[in-house]
Amino acid sequence: MAYDPSNIFARILRGEIPCRKVFEDEHVLAFRDINPQAPVHILVIPKGAYVSLDDFSAQASPAEIAALVRAVGEIARTQGLAESGYRILANHGADSHQEVPHFHVHVFGGRPLGRMISKA
Ligand code: 5GP
């Protein structure tokens, strides 16, 4: 799947749409989800043009991959989630119901999250 530069997160990265930013560095931007599924629900995205984890894991540089993983951990700690616990999730493709075709990691926390995923 080719990267679509008109996707909503590309527009946030270009500053065309506002976001509630919680973290930014050379390779990563993180902001609050517009429709939070938990008291804390943050989206962590690479600044590079990657469709999903499939694309990111194959094409991104070691520096970009390290930056994203380190950002997730730092954000969770900064948000006070490291003690109580949190969940990360990344959707890829149709079965996962990925809606936005720019790679993103969801960080959920702030309440007990239950076990894993629905069996339905
Ligand atoms: P996906 O299903 O692709 O893994 O998740 C996409 C996420 O992006 C959803 O949780 C949705 O609420 C969030 N989202 C969609 N549009 C916007 C937006 O314009 N701003 C923000 N902050 N989040 C968005």
Side-chain angles (χ1 to χ4, degrees):
M1 183 186 188
Y3 184 81
D4 173 6
S6 69
N7 80 75
I8 200 91
F9 294 170
R11 298 185 66 196
I12 286 173
L13 282 167
R14 291 196 295 268
E16 296 167 9
I17 292 176
C19 71
R20 293 174 61 203
K21 182 167 74 175
V22 297
F23 176 94
E24 182 170 15
D25 69 11
E26 180 186 355
H27 295 299
V28 177
L29 179 68
F31 49 89
R32 297 195 187 277
D33 196 290
I34 203 167
N35 183 23
Q37 305 297 308
V40 178
H41 184 174
I42 292 167
L43 300 168
V44 187
I45 73 173
K47 290 186 173 177
Y50 302 103
V51 174
S52 73
L53 180 64
D54 183 60
D55 188 13
F56 186 71
S57 62
Q59 306 294 339
S61 69
E64 290 175 298
I65 293 170
L68 191 105
V69 174
R70 286 201 185 279
V72 169
E74 182 176 332
I75 290 161
R77 283 189 296 277
T78 304
Q79 295 292 316
L81 302 178
E83 288 290 318
S84 52
Y86 59 94
R87 178 170 296 154
I88 66 171
L89 182 151
N91 291 317
H92 163 68
D95 275 359
S96 77
H97 215 283
Q98 181 180 1
E99 288 179 0
V100 179
H102 181 111
F103 175 47
H104 50 284
V105 174
H106 297 256
V107 180
F108 303 102
R111 66 165 168 80
L113 296 166
R115 287 179 61 79
M116 305 296 270
I117 63 171
S118 154
K119 290 182 181 170

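For ligands, and for the atoms within them, numbers begin at 1 and follow the listed sequence. Please read these numbers as outputs of a predicted model, since none were measured by experiment.
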Starting from atom 22 (N) of ligand 1, locate the nearest protein heavy atom and write down its residue, its atom name and how far away it is, to 0.1 Å. Arg32 O, 2.9 Å
Intermediate values then yes/no, side chain to side chain contact (heavy atoms under 4.5 Å, CB included), Phe23 and Val28: CA-CA 8 Å; Phe23 176 94; Val28 177; 4.1 Å; yes
What is the ring orientation for Phe9 with His102, classed by angle as parallel under 30°, tilted 30 to 60°, or perpendicular over 60°? perpendicular
Evaluating non-hydrogen atoms only, which member of Asp33, Ile45, Leu43 is closest to atom 11 (C) of ligand 1? Asp33
Distance from atom 23 (N) of ligand 1 to nearest protein heavy atom, with residue and atom: Ile34 N, 3.3 Å
Measure the distances from the heavy atoms of Leu89 to every atom of ligand 1 and state whether one is below 4.0 angstrom. no
Anything under 30° is parallel, anything over 60° is perpendicular, the rest tilted; go ahead and classify His106 against His104. perpendicular
Atoms of ligand 1 under 4.0 Å from any heavy atom of Glu99, numbered from 1 in the order shown, are 1 (P), 2 (O), 3 (O)
Side chain or backbone, does Ile8 bring an N or O within less than 3.5 Å of an N or O on ligand 1? no
Exam field: side chain Glu99 to backbone His97, donor-acceptor pair closer than 3.5 Å: no
Per-atom contacts of ligand 1 with Asn35, taking only distances under 4.0 Å to non-hydrogen atoms: 12 (O)
Pairwise distance CG(Leu29) to SG(Cys19) - rounded to 0.5 angstrom: 5.0 Å
Step through the shown structure and confirm whether more than 12 heavy atoms of other residues, nucleotides or ligands are within 6.0 Å of CD on Glu26. no
Would you mind listing which atoms of ligand 1 come within a distance below 4.0 Å of any non-hydrogen atom of Asn91? 1 (P), 2 (O), 4 (O)
Contact between His104 and ligand 1, counting heavy atoms under 4.0 Å? yes
Could you grab the distance from atom CD1 of Ile75 to atom CZ of Phe31, nearest 0.5 Å is fine? 10.5 Å
In terms of atom number and element, which parts of ligand 1 are under 4.0 angstrom from non-hydrogen atoms of His97? 2 (O)
If you scan protein heavy atoms around atom 8 (O) of ligand 1, the nearest is Phe9 CZ, 3.4 Å
When you measure from atom 15 (C) of ligand 1 to each heavy atom in Val105, Ile42, Val100, which option holds the nearest one? Val100
With a 4.0 Å cut-off on heavy atoms, is Ile17 touching ligand 1? no
His106 neighbourhood, listing ligand 1 atoms whose heavy-atom distance to it stays under 4.0 Å: 1 (P), 4 (O), 5 (O), 7 (C), 10 (O)
In this structure, are over 12 heavy atoms from other groups packed under 6.0 Å from Arg14 atom CZ? yes
Taking only residues at least two apart or on different chains, which pairs with a member in residues 45-74 satisfy salt bridge (charged side-chain N to carboxylate O under 4.0 Å, His left out)? Glu24-Lys47
